[in-house]
Amino acid sequence: MNDTISYSQQVSMIGATKAYDGSGLKANKYSNFHQITFHISPIFDFIYYETIILGKRFDPIYLSPVLYMAAQGIGGYDDNLQMGMAIKLKPVNNFQFAFDIFADDLDFNKLVKFNFQGRHRFAIKSGISYTPANFFFSKIDLDYTLITPYTYSHYQGNDEDDLIDTGIYNYQDGTNFGKHIGTIYDPNSDVISLTFDFNPLPGFYIQFINSFVRHGNVCENYSDSEILQLLQAEYGQYATDGSIFTHQIYSGKQNVIQTAQDYLNFLNQNHLMYLVKSQIKLTYNLPNLWKTFSIAFNADYKFVYVHNYGISNNLYPGGEIVYNSQSSTYVWNKKSYSKEELEENKEVIADYYKEKWINNLTNIIENYFSLGITLKF
């Protein structure tokens, strides 16, 4: 519209997977995205966007250029809705600043009181890009990404009583075939990345990528009572690996994990994973002697160091505490407990699984090499 407003819309058919391990694949899952961009000035853009993920039906209401929040309310749907705002600022030539905040769930009652603890599920990415002319590098990017716990996750119950079962498929979480749609990083992470691009000779490109990642398993914060409930669940019913498959609901929408509901728990765990990655990419494009196709040679080396590798292992697997209906007792570690005895020993039981998880943490160093040829025609 007169170079001042632009509108974009995208509909994707994506794959649903089993709710708590990302395995399997089923169709009939859809991701809808639309955004409106206000070109306020040649140096400033403001963007508002929404995404909605649904399954088991295709709904044409999300093809209309109206707010997804309103469209969802008209039908009384419980689809996975998120929204975001972004800005792009170009104050001088060859320099750009961008900021993007993606809101999955926010507790506005707490935010208006400046209480930043609670059910705040969001992601932020900001960064600068500089492309100098006639300099020893052609581009530099510096960006920071933050993802709070449970962002992109979404509850999926069965069709009968809307409770969580083992092996059901999640048609509403932020994944396609078990892989993140929004970001490659798990919730409860932040990342700082620095990239340099060089073009020393015609057709020859060098790229240096350096990044530092922090990540914590939010399940380490659970209370002893919450841990007991997870251990009594069926094996595979819940994910306690702190990934996108981990969410704050036990068995139904009204049965939430209070530790997740009342506290943000962003990177405040006792054990965090630290990942350092350094990478160099080399590309050489042969002179284009033929109009129909081109040839490029590629080489890549990546060094990765991970401190506390194993953070993403399940902390509290289900099926560890089994109820014996005949004796009305609970069996844990080959020993029977009454309900009262189980409650009295909850700290010991919780510490047992925490120590087991901690003892499996380790540090690793990995090196990756790749060579390739690219043909385009």
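Values reported hereafter were calculated over all heavy atoms of this structure, with side chains retained and with hydrogens, waters and symmetry mates removed.
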Can you tell me if F377 has over 12 outside heavy atoms packed within less than 6.0 Å of its CZ? no
Enumerate, atom names and distances included, each donor-acceptor pair closer than 3.5 Å involving a side-chain atom of residues 274-285, sequence neighbours excluded.
| from | atom 1 | to | atom 2 | distance (Å) |
| --- | --- | --- | --- | --- |
| S278 | OG | N210 | OD1 | 3.0 |
| Q279 | NE2 | D300 | OD1 | 3.2 |
| Q279 | NE2 | D300 | OD2 | 3.0 |

Nearest 0.5 Å please: distance from the [atom1] atom of [X] over to the [atom2] atom of [Y].
{"X": "I140", "Y": "Y130", "atom1": "CD1", "atom2": "OH", "answer": "10.0 Å"}
{"X": "C219", "Y": "L230", "atom1": "SG", "atom2": "CG", "answer": "7.0 Å"}
{"X": "N217", "Y": "S312", "atom1": "CG", "atom2": "OG", "answer": "6.5 Å"}
{"X": "L146", "Y": "N188", "atom1": "CG", "atom2": "CG", "answer": "9.0 Å"}
{"X": "Y353", "Y": "L315", "atom1": "OH", "atom2": "CG", "answer": "11.5 Å"}
{"X": "D186", "Y": "T246", "atom1": "CG", "atom2": "OG1", "answer": "8.5 Å"}

Within one Ile-Leu-Val-Met-Phe-Trp-Tyr cluster: [X] and [Y], side-chain cutoff 4.5 Å:
{"X": "F95", "Y": "L194", "answer": "yes"}
{"X": "F38", "Y": "I87", "answer": "yes"}
{"X": "W332", "Y": "Y235", "answer": "no"}
{"X": "Y305", "Y": "F369", "answer": "yes"}
{"X": "V348", "Y": "Y330", "answer": "no"}

[X] side-chain N/O to [Y] backbone N/O, donor-acceptor pair under 3.5 Å:
{"X": "S193", "Y": "S211", "result": "no"}
{"X": "N298", "Y": "L371", "result": "no"}
{"X": "T151", "Y": "P187", "result": "no"}
{"X": "N333", "Y": "K335", "result": "no"}
{"X": "N314", "Y": "T240", "result": "yes"}
{"X": "Y185", "Y": "V213", "result": "no"}
{"X": "S189", "Y": "I147", "result": "no"}
{"X": "N2", "Y": "T4", "result": "no"}
{"X": "Q82", "Y": "A103", "result": "no"}
{"X": "D197", "Y": "F137", "result": "no"}

Pairwise side-chain contact, [X] with [Y], heavy-atom cut-off 4.5 Å (strictly under):
{"X": "Y301", "Y": "S370", "value": "no"}
{"X": "I227", "Y": "I349", "value": "no"}
{"X": "E366", "Y": "Y309", "value": "no"}
{"X": "Y49", "Y": "F102", "value": "yes"}

Decide yes or no on side-chain hydrogen bond (donor to acceptor under 3.5 Å, both in side chains) for Y62 and D79, but give the supporting numbers first. CA-CA 11 Å; Y62 296 130; D79 303 323; 2.6 Å; yes
I need the minimum non-hydrogen distance between [X] and [Y], along with the two atoms involved.
{"X": "Q156", "Y": "I168", "answer": "O-CD1, 3.0 Å"}
{"X": "P149", "Y": "L264", "answer": "CG-O, 3.4 Å"}
{"X": "I14", "Y": "S31", "answer": "CD1-CB, 3.8 Å"}
{"X": "N308", "Y": "L272", "answer": "ND2-O, 2.9 Å"}
{"X": "N28", "Y": "Y171", "answer": "O-CD2, 3.6 Å"}
{"X": "N94", "Y": "A133", "answer": "ND2-N, 4.4 Å"}

Steps toward side-chain hydrogen bond (donor to acceptor under 3.5 Å, both in side chains) verdict (Q10, S8): CA-CA 7 Å; Q10 176 178 319; S8 305; over 6 Å; no
Donor-acceptor pair between [X] and [Y] side chains, under 3.5 angstrom:
{"X": "Y205", "Y": "Q207", "value": "no"}
{"X": "Q117", "Y": "D262", "value": "no"}
{"X": "Y144", "Y": "D190", "value": "yes"}
{"X": "N268", "Y": "Y263", "value": "no"}
{"X": "Q35", "Y": "T37", "value": "yes"}
{"X": "S6", "Y": "H39", "value": "yes"}

Does K125 come within less than 4.0 Å of D100, counting only side-chain N to carboxylate O? no
Is any NZ, NE, NH1 or NH2 atom of the basic residue among D173 and K29 found under 4.0 Å from an Asp or Glu carboxylate oxygen of the other? yes
List the residues meeting ring-ring contact (aromatic ring centres under 6.0 Å, His included) with Y222, not counting sequence neighbours, and say none if there are none. none
Only counting residues at least two apart or in another chain, list the ones meeting side chain to side chain contact (heavy atoms under 4.5 Å, CB included) with N324. Q326, S327, T329
Result for ring pair (Phe, Tyr, Trp, His ring centres under 6.0 Å) between H247 and one of Y238, Y20, Y152 points to Y20
Before giving the answer on side-chain contact (heavy atoms from CB on, under 4.5 Å), spell out for H180 and I244 the whole-Å C-alpha distance, their side-chain angles and the decisive distance to 0.1 Å. CA-CA 8 Å; H180 296 233; I244 196 171; 3.8 Å; yes
Positive for side chain to side chain contact (heavy atoms under 4.5 Å, CB included) with L231, one of V322, L342, I321: I321
Check the pair M69, L81 against side-chain contact (heavy atoms from CB on, under 4.5 Å), reporting the backbone distance first and the verdict last. CA-CA 7 Å; M69 182 181 295; L81 170 67; 3.9 Å; yes
H34 ring center near Y68 ring center (under 6.0 Å): yes
Run the side-chain contact (heavy atoms from CB on, under 4.5 Å) test on K88 and K90 for me, step by step, so that the C-alpha distance in whole Å, both residues' side-chain angles and the decisive distance to 0.1 Å come before the verdict. CA-CA 7 Å; K88 291 183 180 180; K90 301 177 181 178; 5.6 Å; no
Go through the steps to decide whether E320 and Y352 satisfy the test side-chain contact (heavy atoms from CB on, under 4.5 Å), and finish with yes or no. CA-CA 12 Å; E320 295 291 305; Y352 171 85; 5.7 Å; no
